[in-house]
Amino acid sequence: MQAGDISFPNLNIYLHDVPKSFTVFGFSIALYGVVIAIGMMLGVAIAVHDRKSRGLSDEPIWDLALIGIPSGIVGARIYYVIFAWPFYKDNLIEIINLRHGGLAIYGGVIGAFIAILIYSKVKKENFFELWDSVALGFLIGQAVGRWGNFFNREVFGGYTDNVFAMRLPIEAVRARDITPALEATIQAGENFIQVHPTFLYESMWNLALFVLLYSYRKHKKFSGEIFCLYLAGYGIGRFWIEAIRTDQLYVTGTTIPVSMVLAGIMTVASLSICVVQRLKKRENIEKQE
């Protein structure tokens, strides 16, 4: 394979010279950032549409686009750097180099959570109603944004020969993403790795979850239910997808993937909230009867 090629052999797809960036007036623009920006814009559009379709003002979403997105990006970067500190401590300049990737979605959720919490308090908006719309936007943003990882040749798993197996030239990926187990699958004379395209799995999972929650949103039982179901649904998907990734971030001092821990906690906590809120609603209805 040539350095810029990407293939999916079991789907008979071979892509030649897939670019990582393009140039405008002599300035190089990374496709990773372009794709993420497109995902963000679509996410805002979905959140605005949801608010309007439920008879709510879309003004808070436009406000949050100005403060929530930057907060989410900062949170995503801080989270990634903290748990990848063994690499960044010797490469401090890389901390501000987003062109090479390194945004963790859970950090983004935390950053956005804080921004929306502050905004809702200042503007006297319903925090959970805001998040019900923002969560739908997040899912679309994540589904599209994951393709930035495709152009960056990152966020892949170990060896597989399943129908979605992806081949990447060794020289096109970061050396630290090739684990010893993956390296052992490289045959003599081969200059590529064959891996799980986990970015694709997550994109498909998020898109399916979006369709389900979008269809359900007008039938929700309490404010914040869509947000809770987003955290639970994404947590379930992220848990199994994270288990096969080669670029895991670990809880400091351990070999435990931090995203699997957070995914498990978020899933259990969110589903518990849904159960408790539904029981309370049922009790209130029975009392009224």
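Note that this is a predicted model, so its numbers are computed, not measured.
- Using a 4.0 Å cut-off between charged nitrogen and carboxylate oxygen, R217 and D132 do not count as a salt-bridge pair.
- Judged purely by atom type and a 3.5 angstrom limit, E190 uses its side chain to pair as donor or acceptor with the backbone of Q187.
- Checked by atom type and distance alone, the side chain of N191 pairs as donor or acceptor with a backbone atom of M1 at under 3.5 Å.
- Residue L130 is not grouped with residue F222 when hydrophobic side chains (ILVMFWY) are merged at heavy-atom distances under 4.5 angstrom, including chains of intermediate members.
- Transitive grouping of hydrophobic side chains (ILVMFWY, heavy atoms separated by less than 4.5 Å) brings L103 and Y88 into a common cluster.
- When atom types are taken as modelled, the side chain of W205 and the backbone of G233 share a donor-acceptor pair closer than 3.5 angstrom.
- Counted by atom type alone, Y234 and E202 present one or more donor-acceptor pairs between their side chains at under 3.5 Å.
- No side-chain donor-acceptor contact under 3.5 Å links T185 to the backbone of Y159.
- Checking each of I6, V34, V35 against F151 for a side-chain contact (heavy atoms from CB on, under 4.5 Å) leaves exactly one that passes, namely V35.
- Taking the side chain as every heavy atom from C-beta outward, I186 and I193 approach each other to under 4.5 Å.
- Looking only at distances, no side-chain donor or acceptor of R167 sits under 3.5 Å from a matching main-chain atom of P9.
- For the pair R54 and E129, the salt-bridge criterion is met [side-chain N within less than 4.0 Å of a carboxylate O].
- F113 is listed as a side-chain neighbour of F227, based on a closest heavy-atom distance under 4.5 Å.
- Of the possible polar contacts, none joining the S203 side chain to the F199 backbone as a donor-acceptor pair under 3.5 Å is found.
- Two residues are said to be in side-chain contact when any heavy atoms from C-beta on lie closer than 4.5 Å; I29 and S21 fail this criterion.
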Could you go through the side-chain contact (heavy atoms from CB on, under 4.5 Å) check for Y79 and S259 one step at a time? CA-CA 11 Å; Y79 179 103; S259 289; 3.9 Å; yes

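- F156 and Y14 fall into different hydrophobic clusters, defined by Ile, Leu, Val, Met, Phe, Trp and Tyr side-chain heavy atoms under 4.5 Å apart, directly or through other members.
- One hydrophobic cluster, built from ILVMFWY side chains closer than 4.5 Å, holds both M40 and W62.
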side-chain contact (heavy atoms from CB on, under 4.5 Å) for F192 and L168? Distances and angles first, verdict last. CA-CA 5 Å; F192 61 84; L168 297 170; over 6 Å; no

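- With 3.5 Å as the limit, one finds a donor-acceptor pair spanning the side chains of D161 and Q194.
- Looking only at side-chain heavy atoms (C-beta outward), E242 and Q248 come within less than 4.5 Å of each other.
- Comment: K221 does not engage E225 in a salt bridge, judged by the lack of any side-chain N to carboxylate O separation of less than 4.0 angstrom.
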